[in-house]
**Student:** 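If you scroll down you'll find the structure; I have some questions about it.
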2 protein chains.
Amino acid sequence: MPTGTRSWSASPTSWPQALPSASDDIFRAIADPTRRHILDLLAERGPLTVGQLAAEFPDLVASGISKHLMNLRATGLVSAERQGRQQLYRIEGEVLSEALAPWLVKYERYWSAALQHLRQLAEEGRRLSP
Amino acid sequence: MPTGTRSWSASPTSWPQALPSASDDIFRAIADPTRRHILDLLAERGPLTVGQLAAEFPDLVASGISKHLMNLRATGLVSAERQGRQQLYRIEGEVLSEALAPWLVKYERYWSAALQHLRQLAEEGRRLSP
DNA sequence: GTAATAGATTACTATATGGTAAGATATCGT
DNA sequence: ACGATATCTTACCATATAGTAATCTATTAC
């Protein structure tokens with residue numbers, strides 16, 4: 001499935017108010033809990049293979065993970081590097097942050113409380129594991 | 001459709017690795033471009049009625065907007081207040097930020113570039129409209 | 001009271017999505 | 001070369017989703 005394949009074919013008269021953008025795909029990608037978990041694992045542990053990731057999902061078959069990774073790769077959120085017969089998947093965090101940032105600023109004013117809360121968490125975390 | 005209705009019924013032997021949480025619903029809610037647009041409008045313009053919102057979506061029928069608003073209300077991202085025969089919808093920005101913040105911190109290290117970019121944008125914005 | 005208006009709800013449809021299973025491809029170990 | 005391993009691909013299925021149209025409810029205007 002190529003990156004931008006959406007049922008976009010026949011829009012006869014009127015256009016939707018917003019063309020589907022790259023960030024649309026990213027929002028859809030992170031909507032799925034399994035994909036978020038995959039991203040979390042890649043962020044925590046660094047690059048992992050399909051097999052290593054699949055081991056973390058006892059309820060999912062490996063090809064399911066592979067499909068999710070294809071999805072994530074299509075959005076640019078992860079990249080892959082062959083290593084012999086396995087494939088190392090790496091998170092592309094900048095793609096995530098740069099796609100989300102412009103949207104998040106719109107809600108900037110609602111972040112003060114959350115940020116304070118986070119700062120506090122970060123402080124505690126730093127104190128626990130320096 | 002009540003808030004937490006997911007196909008959760010028969011999980012005979014094994015449990016999925018993560019129970020569906022409130023933030024799952026929020027991620028799913030913001031995955032839809034129409035709902036993001038609704039949130040954007042509410043954040044920009046303040047509380048709006050269904051009719052006012054529907055006017056911004058020439059390709060959508062009003063009941064569609066209403067359904068999206070029900071969805072958003074179920075997640076807590078918007079709240080409603082009756083005003084005579086109309087309903088004023090208001091964004092609940094803290095719900096958004098508090099749901100997203102814990103997830104976003106996991107990718108903290110990827111934000112520096114994006115944040116700098118944002119800071120710059122904010123600076124320019126402040127200079128343009130003080 | 002009656003008509004009109006604003007919105008919610010329901011029934012229905014088409015499509016998208018996540019998942020599995022089975023087969024294809026490429027690489028490694030012997 | 002051969003079998004095992006790792007991943008990708010395809011076909012297929014069940015469910016979720018977004019959308020419309022029609023109906024229902026409540027409120028305002030006359």
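In this text, all values refer to a predicted model and were calculated from it rather than measured experimentally. The sequence lines fix the lettering, A, B, ..., with proteins before strands; numbering per chain opens at 1.
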**Student:** B:Thr49: which residues meet the side chain to side chain contact (heavy atoms under 4.5 Å, CB included) condition with it, sequence neighbours left out?
**Tutor:**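 Expected list: B:Gln52, B:Gln86, B:Leu88.
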**Student:** Report the distance from atom CD of B:Glu81 to atom P of C:dA8, rounded to the nearest whole Å.
**Tutor:** 14 Å
**Student:** Mind calculating the distance between CG (B:Asp24) and C1' (C:dT17) to the nearest angstrom?
**Tutor:** 16 Å
**Student:** Please give, in whole Å, the distance from D:dT7 P to A:Ile38 CD1?
**Tutor:**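 About 13 Å, once rounded to whole Å.
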**Student:** With 3.5 Å as the limit, what N/O pairs link the protein to nucleotides 20-27 of chain D?
**Tutor:**
unit_1	atom_1	unit_2	atom_2	d
D:dT20	OP1	B:Asp59	O	3.0
D:dT20	OP2	B:Val61	N	3.1
D:dA21	N6	B:Ser63	OG	3.4

**Student:** Can you tell me if A:His68 touches the phosphate of C:dT17, counting only side-chain N or O atoms and a distance under 4.0 Å to OP1 or OP2?
**Tutor:**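 So the side-chain polar atoms of A:His68 never come under 4.0 Å of the phosphate oxygens OP1 or OP2 of C:dT17.
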**Student:** Without decimals, in angstroms, what is the distance between A:Gln86 CD and C:dT27 P?
**Tutor:** 13 Å
**Student:** Counting just side-chain N and O atoms, does B:Arg35 come under 4.0 Å of either OP1 or OP2 of D:dA18?
**Tutor:** yes
**Student:** Is any side-chain nitrogen or oxygen of B:Thr49 closer than 4.0 Å to OP1 or OP2 of C:dG7?
**Tutor:**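 Answer yes for this pair, as a side-chain N or O of B:Thr49 is under 4.0 Å from OP1 or OP2.
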**Student:** In this structure, how many angstroms lie between the P atom of D:dA6 and the CD1 atom of A:Ile65, rounded?
**Tutor:** 15 Å
**Student:** Can you check whether A:Phe57 reaches A:Thr34 side chain to side chain, under 4.5 Å on heavy atoms?
**Tutor:** yes
**Student:** Got a second to check how far A:Glu92's CD is from A:Thr75's OG1, nearest 0.5 Å?
**Tutor:**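 The OG1 atom of A:Thr75 is 10.0 Å from CD of A:Glu92, to the nearest 0.5 Å.
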**Student:** Quick one: side chain to side chain contact (heavy atoms under 4.5 Å, CB included) partners of B:Arg45, sequence neighbours excluded?
**Tutor:** B:Leu41, B:Leu48, B:Glu56
**Student:** Within this structure, what is the CZ-to-C1' distance between A:Phe27 and C:dA16, rounded to whole angstrom?
**Tutor:**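 In whole Å, C:dA16 C1' lies 19 Å from A:Phe27 CZ.
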**Student:** Can you check the A:Arg28 CZ to C:dT15 C1' distance for me, whole Å?
**Tutor:**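 Interatomic distance, CZ of A:Arg28 to C1' of C:dT15: 12 Å.
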**Student:** Check the distance between C:dA6's P and B:Leu69's CG and give it to me in whole angstrom.
**Tutor:**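 In whole Å, C:dA6 P lies 16 Å from B:Leu69 CG.
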**Student:** Using OP1 and OP2 only, check whether a side-chain N or O of B:Tyr89 sits under 4.0 Å from C:dA8.
**Tutor:** yes
**Student:** Under the ring-ring contact (aromatic ring centres under 6.0 Å, His included) rule, what pairs show up with a residue in residues 78-106 of chain B, not counting sequence neighbours?
**Tutor:**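 Output for this query lists B:Phe27-B:Trp103, B:Trp103-B:Tyr107.
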**Student:** A:Arg35: what forms a salt bridge (Lys or Arg N to Asp or Glu O under 4.0 Å) with it, not counting sequence neighbours?
**Tutor:**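 Listed in chain order: nothing, the list is empty.
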**Student:** Phosphate oxygens OP1/OP2 of D:dC8: is one of them under 4.0 Å from a side-chain N or O of A:Gln87?
**Tutor:** yes
**Student:** What salt bridge (Lys or Arg N to Asp or Glu O under 4.0 Å) pairs are there with at least one residue in residues 72-81 of chain A, not counting sequence neighbours?
**Tutor:**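 Output for this query lists A:Glu81-A:Arg90.
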**Student:** Nearest nucleotide by nearest heavy atom, which residue falls closer to the 5' end of DNA chain C, A:Asp32 or B:Ala80?
**Tutor:** B:Ala80
